[in-house]
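Read the structure below first, then the notes.
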Amino acid sequence: MAFRAFYALPVDNFATDTGQHTNAVYGFTTMLLTMIRQQKPTHVVVAFDLDTPTFRSEEYTEYKAGRSKTPEEFHGQINLIIKVMEAMNIPTVSVDGYEADDIVATFAALAEQSGWDTRVVSGDRDAFQLITDRTLVLYPKKGVSDIPPMDAAAIEEKYGVRPERYPDLAALVGETADNLPGVPGVGPKTAAKWINLYGTVEEVLAHAEEIKGKAGQSLRDHAEDVRRNRRLNHLLRDMELPVSLEATELRHPDHEQVEELFDALQFNTVRQRLFDTLAERLGGEPEAAPVEATPEFTVLTADADGATGLQDFLAQHAVNLMGVHVVLDGPAILPKRKIPAPGDYGVALGAALVAEDAAVYVDLAGGPGQGSEGTQHDAGPGPILAAYLAEAGHPKAVYDLKAVAKSLKATGHRTGLGQDVALAGVVDDVLLSAYLIQPDRRGYGLDALVQTHLQSTLEMEADPTQAGDQLELDLEDPGSAFEEALVQARAAAGVRAAWMVRRLSEQFQPELISRGAQQLLVDLEVPLASVMVDMELAGIAVDRPVLDGLFDDFTERMEAAQESAWASVAEANGGEKVNLGSPKQLQTLLFEKLDMPKTRKTKTGYSTDVESLTDLLNQTQHPFLENLMLHRDATKLRQTVEGLRDTVAADGRIHTTYSQTAAATGRLSSLHPNLQNIPVRTEAGRRIRDVFVVGAGYSTLLTADYSQIEMRIMAHLSEDEALIQAFRDGEDLHRFVGAQVFGVAPEDVSSEMRAKVKAMSYGLAYGLSSFGLSKQLQIPVDEARGLMKGYFDRFGAVRDYLKEVVAQARKDGYTATIKGRRRYLPDLNSDNRQLRDMAERAALNAPIQGSAADIIKQAMLDVQLALDEQGLGTRMLLQVHDELILEVPDGELEAATAVLQDKMGHAAELSVPLDVNVGAGRSWHDAAH
DNA sequence: CAAGCAACGTA
DNA sequence: CGTACGTTGCTTGA
């Protein structure tokens, strides 16, 4: 059926963007769903052939020989179908030495014995022998959409024999698909006549002498072929099966698994059909998984009564691992806005503490008499809780330390916890440990982690909306009852979260230890989260008037370019004003109306990116292209400026949020706004860097960046003597490499040679091909190949290292950085070439980019520590992968510079020095120059 | 109206 | 047919 689907659906229309073809998967899945909808089965099982020899091929080596090779595009699709079946909870069966048809036949026999009705869906006519009153065969006529049920009458009408005699007929006629030649000159009509005359094929052979003419002679000549055919087309009906009939009962699908798999397959419509079909068959929603119990808990209010309770609880449990969940009244209740404005940090409403078998919830917000205006709490659990949270000796597991610490710090005065709420003793942040274990997930929401790692749910109610309805009803009640219900609901949710956090931590710890990532968590990522809290809260000052001026300037440029662009095609376009931001309208204009040569193909047409436009400009000299590119530049800059303007907080500063779990290599990423992609390469772009300025109370910005850190890591990891020596001698790396590759003296390396070598050196760390290098440098492929050969001839250890890193990753399944940060790359063993190649390039890059990330993260910790120890007021503001930006008060420039040089320069022990450039200035732009 | 796509900024 | 990201506006399709 998978093959049928493969040939029925155009393979080109079904592929993921990684190049995995999916037409057979799609066809098979939709066919199965149609069957379930039409036939309404109670039980479903799917059988697969294996690639291994069967008893049929053992007996007859020519069995199924001469079949054309499985098409490349079919590869991997069977495995995907099996995954779909797993996600649907439909058992799949294959048995070594047997064919899928034998398995199906045996199931049909078992079902028959149990008095069940059965439908066999098969593209193999041999299945007709299974037909009885209770068992019908669904045999596809055309593709997989037209599959009429065949009963005994249908077989008789079509072939002229009863279904149980069909294999006799097939034995006489032969089966081309199985490479089973029949009796020459005997077709279905003759065969049916004989069978109806004599009974079985054996009887026909026994009476062979009686049959006259050419056909009779032919039968006698090929009697052995016929007997063999009959033996081979007989389906086994008494196999030992690994799955019982009862176990094939149709069940609800594994929702998560289906979502994940169909995301990967990029099936979007079929997903809903699947859920609908199964819900329709099985009636309503899947029975909710038994919701795991959460320990009983006490709600402690923020008064003296609560203090005793908390003290008792802590006396008993504080020394053991505690799941701590601070319930934040955060962005969730803000008006529907994607990005919480700076200052909207969630207010801590309460804290749930869960020990092994006991739990408390400390209410920090509500409670009678406290009011909800955010007034200060009196002494009560406040100081006790604060002391517990700040005690480094009391081990805690939390979720998202950065968010919690940030909120406590920003809003501490409203929680009754005092101005300075420290959170210490955090031995695990399950957000971070989940990331270290699986750095390439999409989301790390606590609910998702509970789902994947604990196979449970965070939500206690089967239907989360019900809890809300309940509360709304209570709104009718007098205030205090409502408040109480609210606190109870919050407490229950908080305790459950804290419980899950604790369980996740218990599960993650051994895993981290076994892969040697414990240090990475405790000594690097967790402390880094606290450092980032201060960076995010600090933000960076911007010169608002200059920012506004830039916006106006870029707007003018944009409008001017737009007018010129429109004017330059007014004739060709009949005065129509194309939307210059619409690739689709641009395509119509460029390739249809102006009939320009076609560029690179994209999914939706022809590319209009800068590279393509530059090519077109060289070929056509059309002024529109120039104006279009000017417009692109101006709008991009304008957008960047606008985005920055929108995020300036009331304090006149921009507070980015770093994500510590976004990049699979270990890097940070920056959000809302992204301050890691502020322009720098063009003059206009650098003007934007000039609006990031030193803030009030500070005298200068200071930037420090690593020079060529990735190449240094490459030198270290590859142990290439020549490269290492170059770095030790403090050579201009690209000049040095250029001299080696081109065989000239370093001073004779032209700027052109240097540029080529620089592109190549960096490209190598990303898995650049000679094709890619030739395109990038606009040189012939042969020349690019020559360059690379020259490089590897001189730096052989680099080549060996790059080879080795992929080989090792293929063996281990993962790559590792200098600090042991792993990235798993299962696609290294994919049989899809595109996926495999992508995984190989990722394997080349991950140790290098990831080690650089390790190093700067370590440097950030060391810098912070040194600043603290020296009592300096200098503070870190931003990190841009290999660069730190700090703000320095009067009189600290020298000391801060020394700290950066020292701590960044010694963040790792490599076989080459880490070179750090430091600069100071009033703006980011000035500091970097 | 959300999701996908093309485009483009950084290291 | 070099890696890693985030944001944007337009288009598409549910």
Side-chain angles (χ1 to χ4, degrees), chain A residues 17 19 263 266 268-269 271-273 338-339 439-440 578-587 600-613 628-629 632-633 635-644 646-647 656-659 661-682 684-686 688-689 705-710 759-776 781 784 788 802 815 823 825 833-834 837-850 852-853 856 878-883:
Chain A
D17 16 279
D263 278 348
Q266 295 165 11
N268 293 317
T269 51
R271 171 182 334 219
Q272 198 52 48
R273 203 185 328 162
K338 251 185 165 171
I339 306 158
D440 52 3
V578 277
N579 180 345
L580 299 179
S582 162
K584 198 174 170 242
Q585 290 183 35
L586 288 175
Q587 283 167 27
R600 177 174 64 85
K601 273 201 168 182
T602 68
K603 249 179 209 171
T604 51
Y606 296 99
S607 172
T608 64
D609 65 9
V610 185
E611 198 192 328
S612 305
L613 294 179
L628 173 58
M629 286 191 275
R632 282 256 176 91
D633 280 345
T635 37
K636 181 76 182 177
L637 292 164
R638 181 174 178 269
Q639 276 169 16
T640 304
V641 169
E642 191 180 18
L644 293 175
D646 290 344
T647 53
T656 189
T657 303
Y658 288 102
S659 171
T661 56
T665 52
R667 275 189 177 181
L668 301 179
S669 77
S670 162
L671 304 160
H672 314 152
N674 182 353
L675 292 186
Q676 288 177 326
N677 70 343
I678 302 302
V680 70
R681 288 175 205 193
T682 63
R686 283 191 290 273
I688 300 180
R689 292 212 168 199
D705 68 301
Y706 285 112
S707 81
Q708 296 151 346
I709 189 168
E710 294 199 350
M760 178 166 60
S761 291
Y762 278 100
L764 287 173
Y766 306 143
L768 185 67
S769 64
S770 50
F771 175 88
L773 185 65
S774 77
K775 209 162 68 106
Q776 190 182 329
V781 179
M788 291 178 74
L802 292 174
T815 62
R823 177 169 185 190
L825 294 162
R833 200 175 62 95
Q834 196 187 340
D837 286 353
M838 278 173 59
E840 283 181 8
R841 294 192 296 268
L844 289 175
N845 180 250
I848 297 173
Q849 188 182 119
I856 195 160
L878 303 178
Q879 187 254 44
V880 190
H881 308 309
D882 68 351
E883 175 185 16

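In what follows, every chain begins at residue 1, and chains take the letters A, B, ... in the order their sequences are listed.
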Closest nucleotide among [options] to the [X] side chain:
X	options	result
A:R841	C:dT11, C:dA4, C:dT3	C:dT3
A:A663	C:dA4, C:dG6, B:dA11	C:dA4
A:D609	B:dG9, C:dT3, B:dC8	B:dC8
A:S582	C:dG6, C:dT11, B:dA11	C:dT11
A:L768	C:dG2, C:dG6, B:dG9	C:dG2
A:P679	B:dT10, C:dT8, C:dT11	B:dT10
A:T604	C:dG6, B:dA6, B:dT10	B:dA6
A:A662	C:dA4, B:dA11, C:dC5	C:dC5

Would you say [X] reaches [N]'s phosphate, i.e. side-chain N/O to OP1/OP2 under 4.0 Å?
X	N	result
A:S607	B:dA7	yes
A:R681	B:dA11	yes
A:R638	C:dT8	no
A:S769	C:dG2	yes
A:T665	C:dT3	no
A:T602	B:dA6	yes
A:N579	C:dC10	yes
A:R667	C:dA4	no
A:Q879	B:dA11	no
A:T640	C:dT8	no
A:K584	C:dT11	no

Q. Is there a donor and acceptor pair, one atom on the side chain of A:N677 and one on the base of B:dG9, closer than 3.5 Å?
A. yes
Q: Using the side-chain hydrogen bond (donor to acceptor under 3.5 Å, both in side chains) rule, take A:T608 and A:R632 through it: C-alpha gap first, then chi angles, then the decisive distance, then the call.
A: CA-CA 11 Å; A:T608 64; A:R632 282 256 176 91; 3.2 Å; yes
What is the distance from [atom1] of [X] to [atom2] of [N], rounded to the nearest Å?
X	N	atom1	atom2	value
A:D646	C:dG9	CG	C1'	15 Å
A:M760	C:dG2	CE	P	15 Å
A:M788	C:dC1	CE	P	16 Å
A:E611	B:dC8	CD	P	10 Å
A:Y762	C:dA4	OH	P	18 Å
A:K603	C:dT11	NZ	P	18 Å
A:Q587	B:dC5	CD	P	14 Å
A:I856	C:dA4	CD1	C1'	15 Å

**Q.** Spacing of A:L628 atom CG and A:L580 atom CG [to the nearest 0.5 Å]
**A.** 6.0 Å
(Q) Within this structure, what is the OG1-CG distance for the pair A:T640 and A:N677, rounded to the nearest 0.5 Å? (A) 7.0 Å
For [X], answer base if it contacts any base atom (sugar-phosphate contacts may also be present), sugar-phosphate if it contacts only those atoms, and nothing otherwise; contact means non-hydrogen atoms under 4.0 Å.
X	answer
A:Q849	base
A:S770	nothing
A:S670	sugar-phosphate
A:Q585	sugar-phosphate
A:A664	sugar-phosphate
A:G763	base
A:R833	nothing

Q. Yes or no on side-chain hydrogen bond (donor to acceptor under 3.5 Å, both in side chains) for A:S607 and A:T602, after CA distance, side-chain angles and deciding distance?
A. CA-CA 6 Å; A:S607 172; A:T602 68; over 6 Å; no
Q: Run the salt-bridge test on A:R841 and A:D837 with the 4.0 Å N-O cut-off and return the result as yes or no.
A: no
Q: Output yes when A:E642 and A:K636 qualify as a salt bridge under the 4.0 Å nitrogen-oxygen rule, no when they do not.
A: no
Q.
Nearest heavy atom decides the nucleotide; on that basis, is A:H881 or A:F771 closer to the 5' end of DNA chain C?
A. A:F771
Q | P gap between B:dC5 and C:dC1, integer Å | A | 16 Å
Q) Between A:Q849 and A:T665, do the side chains contain an N or O donor and an N or O acceptor separated by less than 3.5 Å? A) yes
Q) Any donor-acceptor pair under 3.5 Å linking the side chain of A:Y766 with the backbone of A:L844? A) no
